[in-house]
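In what follows, a single structure is set out as structure tokens and then discussed.
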Amino acid sequence: MSDEHPLAPDPALRILEALLFAAAEPLTREQLSAHLPANADVEHLLDRLARHYSTSGVNLVRRGDGWAFRTAPDLAFLLRTEQQEPRTLSRAALETLAIIAYHQPATRAEIESIRGVAVGKGTMDILLETGWVRLRGRRRVPGRPVTYGTTSAFLDHFGLQSLGDLPGLEDLKGAGLLTTRPPASLPLRFEPPLGDDDDPPENPDQEDQG
Amino acid sequence: MSDEHPLAPDPALRILEALLFAAAEPLTREQLSAHLPANADVEHLLDRLARHYSTSGVNLVRRGDGWAFRTAPDLAFLLRTEQQEPRTLSRAALETLAIIAYHQPATRAEIESIRGVAVGKGTMDILLETGWVRLRGRRRVPGRPVTYGTTSAFLDHFGLQSLGDLPGLEDLKGAGLLTTRPPASLPLRFEPPLGDDDDPPENPDQEDQG
Amino acid sequence: MGIADDWLAIPPEIEAEPGAVLRVDVEGYEGPLDLLLDLARRQKVDLAAISVLQLAEQYLAFIQEQREQRIEPAADYLVMAAWLAYLKSRLLLPAAPADAEPSGEALAAALHWRLQRLQAMRRAAASLWDRPRLGAQVLPRGAPEPVEIAHRPHWDTSLLDLLKAYATQRERVAPAAYAPRTRTVWSLPDARERLQSLLRDTSDWISLDGYLARFLGDPAERATARASGFAASLELVRQGEVELRQEQAFGPVLLRRREGQGA
């Protein structure tokens with residue numbers, strides 16, 4: 001296999017190549033043929049050029065009436081660079097996340113009843129942005145409120161194999177994080193605070209929306 | 001002859017192709033290799049890519065530390081109708097640019113002694129504004145005069161791989177015309193702006209401050 | 001410092017003389033070197049083969065011509081003229097044996113070199129400009145696809161932060177079992193009654209603290225017992241039943257039943 005460019009012999013293709021490369025906008029067949037000999041078959045030349053570039057890092061693509069070179073779609077990732085910026089969760093977001101983790105699936109009302117304050121929309125948006133919280137479904141109660149749960153990215157980030165690895169209340173007390181034992185009236189982890197008329201959480205497979 | 005692109009099998013070449021096509025400015029080897037596997041021989045890949053495009057309507061060219069795709073110079077006739085002359089320089093500015101290019105790092109006094117006339121402030125401003133000339137540092141002589149040199153945009157604009165490609169550089173060197181003092185055969189102190197106690201121009205690498 | 005060193009120095013400001021000749025840049029020339037180069041070109045020979053003497057004469061003639069038209073060339077042209085006149089004299093007169101000044105040939109060679117260098121730079125400028133230039137004969141990518149920078153937040157939240165947050169909330173909402181501590185308080189009538197029953201049996205001075213110690217097993221009650229006991233003893237003094245004595249500040253408080261009282 002040679003690295004020699006197979007287009008070399010055809011001046012018309014070289015001209016098309018240069019014109020399309022240098023153009024700020026897609027060029028129409030008319031614009032292109034103005035630079036070619038009168039008898040040139042522009043359509044055919046464009047097809048050849050497109051085929052030639054089809055496996056290349058750039059492709060010749062049709063855009064409306066015109067033609068343009070564009071980065072091959074599978075290489076689009078090259079044109080994005082990611083910059084990490086360290087950020088800290090607000091206390092409200094962290095507390096809300098903790099409640100979702102321990103009480104999922106949890107509705108906003110349930111989170112608020114545990115925290116004792118309203119959960120701001122921004123807080124929930126940030127948690128969804130972290131990729132640690134997702135919508136799980138809807139509770140089968142009047143109003144069908146949305147329920148929230150954690151994602152596998154949550155487990156990844158916090159180094160947990162499964163949700164079952166979250167320390168229980170006794171563990172928290174043992175670690176000195178809890179000094180009093182919360183009364184049994186508060187729901188334990190993984191037990192959504194179900195009212196008498198609540199359905200149990202649905203099957204997550206049916207419930208998942210993402 | 002097939003129109004199939006012979007580069008298809010090599011993902012690294014496709015990546016280079018896409019990156020260089022997408023950029024208007026030359027990209028350095030470091031910028032490119034950031035997107036390639038650690039063991040990739042970027043220099044070799046660039047050579048292959050340049051050879052591949054050497055007969056094409058678009059060429060891969062080296063510009064100082066960077067590489068860029070540019071339309072083939074022999075197709076200039078195509079573009080003349082499309083493009084307006086982007087920039088013209090006064091004779092004084094062009095001469096000053098040439099003196100800086102061939103004598104860099106050069107002080108204003110050196111430029112003036114070559115041209116035999118003072119360099120207007122406007123001339124230097126225009127050259128700095130083109131982005132082709134930059135301040136390089138200061139000469140280590142009394143008064144510490146500023147020195148000027150050219151930029152990579154200068155190489156890009158004039159289609160030079162490196163400063164070594166300046167037209168006629170070797171001949172000028174051989175004829176002793178690129179010194180700021182007359183050759184030793186001329187028993188004359190000839191540069192009024194510089195006194196006996198001046199150092200010769202230093203090694204540019206030592207002198208550069210930015 | 002010879003004149004050879006001076007001709008390129010920044011010329012001193014020449015005072016304008018009212019009504020005198022006009023001082024102007026020589027039209028079309030960028031300085032004396034440019035003028036010399038142009039005169040050299042008119043010799044229609046290669047610069048390398050040019051006669052410097054002839055060039056000096058042409059220059060001086062040109063300047064003279066200007067002055068005859070009552071146009072005074074700018075100072076640097078005149079400095080060059082002076083230098084060329086000097087050069088000419090060095091070239092024409094034989095050098096004295098002990099002459100410290102450079103020879104006319106050396107001066108001529110130096111001028112020659114300067115003219116060649118200027119001409120070389122002019123040619124270099126022209127050939128630079130004749131190259132296929134970017135934006136004129138060579139074009140970059142017309143529709144560059146700029147690299148997007150996606151800012152990906154990196155959350156520095158640890159599992160410990162999470163657990164603390166959870167524990168804090170659970171504690172915050174846990175109903176506190178608040179039981180006010182009940183304290184034994186001696187009432188004044190109690191204290192009085194106990195003092196009376198104590199003093200009934202003796203007529204000696206007794207220490208208030210010592211007496212309290214007898215009654216109280218629980219040190220927590222000592223403060224209230226002392227306060228109430230002391231207050232009750234004052235009351236008994238007022239009623240004439242008891243005498244109080246204290247030897248020194250903060251010393252033990254002693255009390256005794258008044259003679260003739262009680263049993």
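None of these values were measured; they are calculated from a predicted model. Every chain is numbered from 1, with letters handed out A, B, ... down the list of sequences. Computation of the quantities below employed the complete heavy-atom set of this structure, encompassing side-chain atoms and omitting hydrogens, waters and symmetry-equivalent molecules.
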> Under the side chain to side chain donor-acceptor pair (under 3.5 Å) test, which residues partner B:D47, sequence neighbours left out?
Replying inline: none
> Where along residues 20-39 of chain B does a heavy atom come under 4.5 Å of chain A, listed by residue number?
Replying inline: B:F21, B:A22, B:H35
> Which answer fits A:L78, side chain, backbone, both or neither, if we ask what part of it has an atom under 4.5 Å from a heavy atom of chain B?
Replying inline: both
> Does any N or O in the side chain of B:R108 come within less than 3.5 Å of the main-chain N or O of B:V119, such that one atom is a donor and the other an acceptor?
Replying inline: yes
> So which pairs with a foot in residues 113-132 of chain B pass ring pair (Phe, Tyr, Trp, His ring centres under 6.0 Å), sequence neighbours left out?
Replying inline: B:W132-B:H157, B:W132-B:F158
> Which ring pair (Phe, Tyr, Trp, His ring centres under 6.0 Å) pairs, counting each pair once, include a residue from residues 88-108 of chain B, with sequence neighbours left out?
Replying inline: none
> Using non-hydrogen atoms only, which part of B:D74 is less than 4.5 Å away from chain A: side chain, backbone, both, or neither?
Replying inline: side chain
> Is there a donor-acceptor contact under 3.5 Å from the side chain of B:T151 to the main chain of B:G131?
Replying inline: yes
>> If you define the side chain from C-beta out and look only at heavy atoms, does anything of A:H52 sit under 4.5 Å from A:R48?
In response: no
> Near A:D156 CG, under 6.0 Å, is it more than 12 heavy atoms from other residues, nucleotides or ligands?
Replying inline: yes
> Between A:I15 and chain B, which part of the residue has a heavy atom less than 4.5 Å away: side chain, backbone, both or neither?
Replying inline: both
